[in-house]
Structures are given as structure tokens and as C-alpha cells.
Amino acid sequence: PESGSLAIVVLGASGDLAKKKTFPALFHLYRQGFLPPDEVHIFGYARTKISDDELRNRLHGYLVPDKGASPEKLDDVAKFLQLIKYVSGSYDSEDGFRLLDKEISEHESLKNSTEGSSRRLFYLALPPSVYPSVCKMIKTCCMNKSDLGGWTRVVVEKPFGKDLDSAEELSTEIGKLFEEPQIYRIDHYLGKELVQNLLVLRFANRFFLPLWNRDNIDNVQIVFREDFGTDGRGGYFDQYGIIRDIIQNHLLQVLCLVAMEKPISLKPEHIRDEKVKVLESVLPIRDDEVVLGQYEGYRDDPTVPDESNTPTFATAILRIHNERWEGVPFILKAGKALNSRKAEIRVQFKDVPGDIFKCKKQGRNEFVIRLQPSEAIYMKLTVKQPGLEMSTVQSELDLSYGQRYQGVIIPEAYERLILDTIKGDQQHFVRRDELKASWQIFTPLLHRIDGGELKPIPYKPGSRGPAEADQLLEKAGYVQTHGY
Ligand code: BG6
């Protein structure tokens with residue numbers, strides 16, 4: 001592995017994302033020894049004028065949310081916070097970035113104990129509107145200058161654009177400044193344990209190889225539900241809506257991994273090549289295969305306009321035009337303020353031909369991958385009801401991680417992905433052509449929603465969402481299974 005000094009710069013250090021996700025992920029990596037203090041320094045950068053200690057104090061509560069934290073943990077927190085320096089400056093003027101560069105260089109001269117190479121990681125926990133100017137400033141003022149090797153990388157968060165044109169514009173701007181191997185477009189769903197398991201499940205198991213196609217699979221559902229609304233983030237959310245917030249990125253990435261062909265190797269480029277092929281095979285989304293919803297009370301948020309047409313719920317059917325998937329609906333569903341918090345993939349198989357047990361009413365074979373909460377993989381199948389009678393019942397082959405892997409700590413998505421950026425592994429990051437293809441799929445639909453041609457149906461907070469979405473599922477061929 002590379003060594004030498006490593007500067008991690010969190011831009012937007014006082015924002016929500018940085019406090020809730022980026023710094024806690026860095027802390028976990030530090031605790032596990034991935035950020036050795038003799039090499040690493042962390043810089044927070046933002047406009048607010050605060051001192052190092054003020055930033056440290058603000059972060060403390062996010063690093064120790066638990067009241068009864070052990071003395072060891074508190075000690076680690078204190079040491080970790082000492083690695084953090086704060087630099088204040090604007091996002092579009094050189095002064096701040098020159099100062100940042102000076103601070104990084106000072107730390108490099110202190111910590112280049114090994115071969116003196118310099119690694120600089122810039123994490124943009126910022127709104128995309130400032131990406132171009134921030135990237136320009138990094139390029140002008142803060143690049144790695146060591147002759148002895150190292151690198152400069154930038155990590156950007158979604159939303160990466162608002163539609164095809166704006167995303168391409170953003171990509172072009174950033175592409176003028178950085179090469180693709182320097183740009184890490186993060187989609188944190190790609191860091192989730194069970195999302196990372198998809199390739200293994202599909203391609204390392206003989207069970208699935210012959211079944212994973214249109215001859216056997218009736219429909220696939222990829223579902224995201226949250227049991228809370230957009231409280232506190234209404235202003236951001238209203239500009240984007242549920243399709244841009246969840247479906248166009250998180251759920252579509254999952255779809256790629258479910259639907260793609262086997263890559264020729266596990267090299268990031270080979271995997272991403274296959275994902276792009278899936279995205280480019282998706283047919284235009286039909287209006288009659290979309291249901292939009294907005295929960296009642298959403299517009300009460302003072303940051304949301306009274307007339308907002310923004311969906312907080314959407315179900316859309318995607319159809320992949322290729323030999324494996326022709327005719328199989330991929331149902332993507334996401335919603336805020338629903339009855340539960342859950343993200344899962346449900347692969348529903350076709351009915352058994354010539355059924356002699358009349359078991360159809362019991363439900364179909366279903367293969368379920370629950371991403372969260374409580375990671376699990378289970379298979380719904382029909383078995384004989386134990387007892388004297390020859391009757392059937394639907395049961396489950398269940399691999400619940402909590403039971404099977406007791407004591408194993410599953411890393412947070414951000415933790416894993418930040419470590420990948422340090423290692424230079426882009427497998428779980430979105431390539432430019434992938435991003436473009438994913439915007440291509442949703443842009444026409446998004447423009448119809450933005451133009452008011454399609455309207456969300458109101459639904460009650462805490463419900464399953466609009467009833468029309470369940471009707472669409474049924475029409476697509478989904479058969480409700482027992483207990484779901
Ligand atoms: C983010 C969205 O990308 O993902 C949020 O902007 C959403 O609206 C979040 O709440 C969900 O992430 P997770 O990991 O909690 O499922």
C-alpha cells in the first residue's frame with residue numbers, strides 16, 4: 001500500500017452531510033487503524049469563521065452519540081479530533097484555498113517521514129452548484145506538488161446535476177480539470193454490505209445462473225421506504241424530489257447489479273462496462289407505468305412552496321430491452337413518510353407450470369435481499385405443511401445476518417467507500433458514462449413532472465403510499481406473497 005502523508009480535506013465541514021456521515025466514517029476508519037496519525041491529517045474547510053476547537057466541539061456529539069461511551073472510545077475521539085484542523089474561506093476565491101494549501105504543505109513536511117510522497121483527498125460535502133468553482137480552486141491552488149509521487153483525488157456527492165444536460169455540463173467542467181481516475185462520484189448505496197454481495201450471489205452460485213432470466217423470473221422489485229418525511233431538508237428536497245434523490249441513483253445502481261451480465265473480471269472497468277450496457281438497454285419510461293405521490297403535510301414545511309408538485313413517492317417500471325430481460329418489469333419504488341423504513345430487492349419467480357398442488361394461492365417463489373434494516377437474504381418457497389395432511393405452506397430459507405454472523409460488525413457504507421478512495425479503487429463509484437446513461441433514463445419523465453404534466457397523488461403519512469401504486473404492481477404481474 002502507498003504511504004507518505006495523507007491529507008483528507010472535507011469541504012463543507014460544518015454541513016449536515018459532513019457532520020453526520022463523513023467525519024463519523026473517518027473516525028471509524030481511524031479507530032480501525034486505517035488512518036495512521038503519523039501520516040494523516042484532516043482538514044475541515046467551510047465559510048463559517050470558527051476555530052479548530054469550535055469545529056472539534058461541534059463534531060464531538062456526532063462521534064459519540066451514545067451516552068455510555070467507554071473511556072477508550074472517548075480517548076480515541078479526543079485523539080482523532082486533534083488530527084483535525086479547520087480552515088475558513090469561500091468556495092470561489094483563491095485566498096482561502098491558498099491558505100488551505102499552505103496548511104496542507106506544512107503538515108506534509110511534518111509527516112513525510114517515509115518517502116515523502118503526498119496524497120491529497122478532497123471530499124466535496126457541498127451542493128453541486130459550487131463543484132465547478134471548488135474544483136477549479138483545488139486545481140489552481142491545492143494539487144499535490146511532491147516529486148516523490150502521490151496523488152490528488154476529489155470525491156463528489158449526489159445530486160450530480162438535475163437532468164441530463166446539467167449533469168453533462170457539470171461533468172464537462174470537472175473533466176477539464178481532473179482525469180476520470182481522479183474523480184470519485186459517490187453513491188453510498190454501493191457501499192452497503194448487501195449491495196456489494198450482489199455480484200457474489202449472482203456469479204458465485206450455481207443455483208442462480210440458470211434461473212436468472214426472463215424464462216424464470218416474472219418481475220423484480222427494488223424498494224426503498226422511509227418512515228419519516230423531509231423534515232428539516234424540505235428546501236433541498238423540493239428542488240429534487242424522490243426520483244432524483246433516490247431512484248435515479250441508489251435504486252438504479254442496484255438495478256444494474258441485479259440485471260447486468262457477468263463481467264469478464266472484477267476489475268472496476270469491467271464491472272462498470274457491464275453496468276453501462278444495462279442502463280443503455282432501458283426503454284423509455286411510459287407515463288402509464290409511473291405513479292407519483294406526495295404525502296399530506298409535505299407542503300406545511302415553510303421551506304416548501306405551497307403549490308409544490310414535487311413527488312415524495314414514486315413507483316416506476318423500467319423495462320430492459322435485451323435477451324435476458326425482455327418482458328420482465330423492474331419495478332422501482334421509493335417513498336418518504338411511509339409505514340416502515342426498509343430497502344429491499346424482491347425477485348419474484350414465475351408460477352410452476354402444470355402445478356399439481358394448487359399452491360399458487362400460497363404465493364410464488366421469491367428471492368429477497370434486504371439491504372436494511374437487519375440485513376438478510378431469504379427465499380420464499382413452498383413446502384409440505386408438517387403433519388398428517390398432504391397440504392402445502394409457504395416458508396422461508398433464511399439467512400439473517402444478525403443470527404448467522406453474530407458479533408460481526410458490518411461497516412457503514414461511507415466508511416468503506418472513503419477507504420476505497422484512499423486505495424484508489426473505483427469499482428464502487430459511478431463512472432461518467434454510467435451517470436450520463438442514468439440521467440438519460442429519467443430526464444424525459446422528470447421534465448414532464450417539472451412541467452406539471454404529471455401530478456403526484458396525495459397519500460397519508462404512515463401509509464403504504466397511493467393505492468394506485470399497488471394497482472400498478474399488480475398490473476405488472478407482482479403477486480402479493482403471504483405475510484408481506
Ligand atoms: C440519501 C438521500 O442519499 O439517502 C436521503 O438524500 C435518504 O433522502 C438517504 O434519506 C437514505 O440513505 P440510507 O443509507 O439511510 O438508506
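These figures come from a predicted structure and were not determined experimentally. Note that ligands are numbered from 1 as they come in the structure, with each ligand's atoms numbered from 1 the same way. All values below were derived from every heavy atom in this structure, side-chain atoms included, with hydrogens, water molecules and symmetry-related copies excluded.
Ligand 1 places these atoms under 4.0 Å from at least one heavy atom of Glu226: 7 (C), 10 (O), 11 (C). Heavy-atom contacts of Lys336 reach the following atoms of ligand 1: 5 (C), 7 (C), 8 (O), 10 (O) (cutoff under 4.0 Å). Those atoms of ligand 1 with a heavy atom of His188 less than 4.0 angstrom away are 1 (C), 3 (O), 4 (O), 12 (O), 13 (P), 14 (O).
Ionic pairing of Lys21 and Asp16 is not present here: no N-O contact between side-chain nitrogen and carboxylate oxygen is shorter than 4.0 angstrom. Salt bridge status for Arg431 with Asp273: present, with a side-chain N to carboxylate O gap under 4.0 Å.
Two rings, from Tyr62 and Phe27, have their centers 6.0 Å or more apart.
Residue contacts with ligand 1 include Phe224, since one or more of its heavy atoms lies under 4.0 Å from the ligand.
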Is there a side chain to side chain contact (heavy atoms under 4.5 Å, CB included) between Tyr459 and Thr312 once you walk through the steps?
CA-CA 10 Å; Tyr459 62 93; Thr312 58; 2.8 Å; yes
Evaluate the criterion side chain to side chain contact (heavy atoms under 4.5 Å, CB included) for residue pair Tyr123 and Tyr184; output intermediate values, then yes/no.
CA-CA 9 Å; Tyr123 193 112; Tyr184 288 72; over 6 Å; no
Under the side chain to side chain contact (heavy atoms under 4.5 Å, CB included) rule, what do Val10 and Leu26 come out as? Steps first, then yes or no, please.
CA-CA 10 Å; Val10 182; Leu26 289 171; 4.0 Å; yes
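The protein non-hydrogen atom at the shortest distance from atom 6 (O) of ligand 1 is Asp245 OD1, 2.6 Å. Of all protein heavy atoms, the one lying nearest to atom 1 (C) of ligand 1 is Lys158 NZ, 3.5 Å. The protein heavy-atom contact nearest to atom 16 (O) of ligand 1 is Tyr189 OH, 2.4 Å. Nearest non-hydrogen protein atom to atom 15 (O) of ligand 1 is Arg341 NH2, 3.2 Å.
For the pair Lys162 and Tyr240, the cation-pi test (distance below 6.0 Å, angle within 45°) is passed.
Distances from atom 14 (O) of ligand 1 to the heavy atoms of Lys192, Glu412, Arg225 put Lys192 nearest.
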